[in-house]
> 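Shown below is the structure under consideration.
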Amino acid sequence: MAQAIVEVENLNLTYKNAIHAVQNVSFSVEPGEVLAVIGQNGSGKTSAVECIEGLRKPDSGLIRVFGRDPWTHRSEVYREMGVQLQEAEYPLRIRVEELCRLFAGFYARPADWNLLLGQLDLEEKRKRPVHKLSGGEKQRLSILLSLMARPRLLILDELTTGLDPEVRQNMWTSFENIRKSGVAIIMVSHYLDEVETLADKILYLGKGRQMFFGTQQEFRGYVKGRIDPEEWREDLSLKKLYLMTAPKTTGLTMEGIL
């Protein structure tokens, strides 16, 4: 078996205000595997992912990315990691092609950003200042920049937020192909149809705690096993999360049903 791209054991992170953002979270991601991180806002998703990215130092626990600690070996890890943030700020008035050229200069063997511009339907925007792009166009540009490193690990925060349905479907196809090439993907998402389409495994967090980690089929069993008429009245989140077992969830969002 190939070595896991990401290994996390008993991850704990507490903020200065004594909020336990992440508590005893453990999971792994193999080459070519897609892990969806789901949960309500405030569940610890971003905090956990930021530890993997080397942006936060955990209080305790083990994190290995490509066999290295991302906090102490951040520069080495970043050579093979691509990150798409939900929100990003770029230099004022920089044009799309200038930003692509800038990011390409960070890597010894960057991806062909001219090709990516066409694949992400941004070719006609190459001369446009980034601050004049629409929300969906900025999202696609952020995804393009995350691919510049030809990554072995891709971290996607709200992959298709702001994209129209046709573009979303095209993005799903693209990332399915990326996964088949052996790239591991961690995606934070509120869209259940996106999770069902792309994810091999699911990490479900609630108030910083790990509620579930396993396959989609195991997740359906986890949800079904916790639902009865009394619980439905006591815990609406379980009732609504049960919708993930339904065959059609297009248009539903995690935030909308939890």
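Excluded from the calculations below are hydrogen atoms, water molecules and symmetry mates; all remaining heavy atoms, backbone and side chain alike, are included. The structure displayed is predicted, hence computed values, not measured ones.
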> Between Phe106 and Val96, is there a shared hydrophobic cluster once you connect ILVMFWY residues whose side-chain heavy atoms come closer than 4.5 Å?
yes
> When you measure from the side chain of Arg140 to the backbone of Leu120, do you find a donor-acceptor pair of N or O atoms at a distance under 3.5 Å?
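The answer is yes, because a donor-acceptor pair under 3.5 Å joins these two groups.
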> Backbone N or O of Glu53 within a donor-acceptor pair of the Tyr78 side chain at under 3.5 Å?
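Judged by distance alone, yes, a pair lies under 3.5 Å.
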> Here's a test for you: under side chain to side chain donor-acceptor pair (under 3.5 Å), which of Arg126, Arg128, Lys125 qualifies with Glu97?
Arg126
> Quick one: pull up CD in Glu176 and OG in Ser181 and give me the separation to the nearest 0.5 Å.
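OG of Ser181 is found 10.5 Å from CD of Glu176.
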> Taking Glu33 for the side chain and Glu30 for the main chain, is one N or O donor matched with an acceptor at less than 3.5 Å?
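A pair under 3.5 Å: yes.
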> For Arg68 and His73, indicate whether the former's side chain and the latter's backbone hold a donor-acceptor pair under 3.5 Å.
no
> Between Phe103 and Tyr90, how do the two ring planes meet: parallel, tilted or perpendicular, split at 30° and 60°?
perpendicular
> If we ignore hydrogens and angles and just use 3.5 Å, is the side chain of Arg152 paired with the main-chain N or O of Glu80 as donor and acceptor?
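Such a contact is absent between Arg152 side chain and Glu80 backbone.
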> Closer than 4.0 angstrom, basic N to acidic O: yes or no for Glu7 and Arg64?
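Salt bridge between Glu7 and Arg64, a charged N being under 4.0 Å from a carboxylate O: no.
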> For Glu137 and Leu122, what are the C-alpha separation, side-chain angles and deciding distance, and is it a side-chain contact (heavy atoms from CB on, under 4.5 Å)?
CA-CA 7 Å; Glu137 290 166 348; Leu122 290 171; 4.2 Å; yes
> Does a donor on one side chain sit under 3.5 Å from an acceptor on the other, for Gln139 and Ser142?
no
> Taking Glu218 for its side chain and Thr215 for its backbone only, find out whether a donor-acceptor pair lies under 3.5 Å.
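Confirmed, Glu218 side chain pairs with Thr215 backbone.
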> Under 3.5 Å, side chain of Asn12 to main-chain N/O of Asp59, donor-acceptor pair present?
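Looks like no, no N/O pair under 3.5 Å.
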> Checking Ser189 against Glu194 for the side chain to side chain donor-acceptor pair (under 3.5 Å) test, could you report, in this order, the C-alpha distance in whole Å, the side-chain angles of both residues, the deciding distance, and whether it holds?
CA-CA 8 Å; Ser189 182; Glu194 188 166 85; 2.9 Å; yes
> For Ser43 and Tyr204, does a side-chain donor sit closer than 3.5 Å to a side-chain acceptor?
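No - no donor-acceptor pair under 3.5 Å links their side chains.
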> Restricting to non-hydrogen atoms, name the atom on Trp172 and the atom on Asp193 that form the minimum distance, rounded to 0.1 Å.
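Where Trp172 meets Asp193 most closely, the heavy atoms are CH2-OD2, 3.7 Å.
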> Atom CD1 of Ile186 and atom CG of Leu35: how far apart are they, to the nearest 0.5 Å?
6.0 Å
> Does Trp71 share a hydrophobic cluster with Leu11, counting links as ILVMFWY side-chain heavy atoms below 4.5 Å and allowing steps through other members?
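Result: no, two separate clusters.
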> Run the side-chain contact (heavy atoms from CB on, under 4.5 Å) test on Val25 and Leu205 for me, step by step, so that the C-alpha distance in whole Å, both residues' side-chain angles and the decisive distance to 0.1 Å come before the verdict.
CA-CA 9 Å; Val25 170; Leu205 301 178; 4.0 Å; yes
> Could you point out which residue of Val183, Ile5, Val83, Val77 forms a side chain to side chain contact (heavy atoms under 4.5 Å, CB included) with Leu153?
Ile5
> So how far is it from Phe213 CZ to Ile202 CD1, rounded to the nearest 0.5 Å?
10.5 Å
> Can you get from Ile19 to Leu13 by hopping between Ile, Leu, Val, Met, Phe, Trp and Tyr side chains that sit under 4.5 Å apart?
no
> Can you tell me how far OG of Ser26 sits from CG of Asn10, rounded to the nearest 0.5 angstrom?
4.0 Å
> Is Gln216 reaching over with its side chain to a backbone N or O of Glu196, donor-acceptor style, under 3.5 angstrom?
yes
> What is the distance from atom CD of Gln40 to atom NZ of Lys207, rounded to the nearest 0.5 Å?
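NZ of Lys207 is found 8.5 Å from CD of Gln40.
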> Can Glu76 and Arg79 be said to form a salt bridge (Lys or Arg N to Asp or Glu O under 4.0 Å), step by step?
CA-CA 6 Å; Glu76 293 96 325; Arg79 291 172 190 161; 5.8 Å; no
> How far apart are the C-alpha atoms of Arg179 and Asp200, what are their side-chain angles, what is the distance that settles it, and do they pass the salt bridge (Lys or Arg N to Asp or Glu O under 4.0 Å) test?
CA-CA 11 Å; Arg179 179 258 291 278; Asp200 298 298; 2.3 Å; yes
> Identify whether the distance between the nearest side-chain nitrogen and carboxylate oxygen of Glu98 and Arg101 falls below 4.0 Å.
no
> Could you check whether any side-chain N or O of Lys201 sits under 3.5 Å from a backbone N or O of Phe27, counting only pairs where one atom can act as donor and the other as acceptor?
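Checked: no pair found.
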> Apply side-chain contact (heavy atoms from CB on, under 4.5 Å) to the pair Phe175 and Ile185, showing each step before the final yes or no.
CA-CA 9 Å; Phe175 283 103; Ile185 299 175; 4.1 Å; yes
> Can you check whether Leu55's main-chain N or O pairs, donor with acceptor, with Glu50's side chain at less than 3.5 Å?
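Judged by distance alone, no pair lies under 3.5 Å.
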> Give the cluster check for Leu62 versus Met81: same hydrophobic cluster or not, with ILVMFWY residues linked at side-chain heavy-atom distances below 4.5 Å.
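Shared cluster, no.
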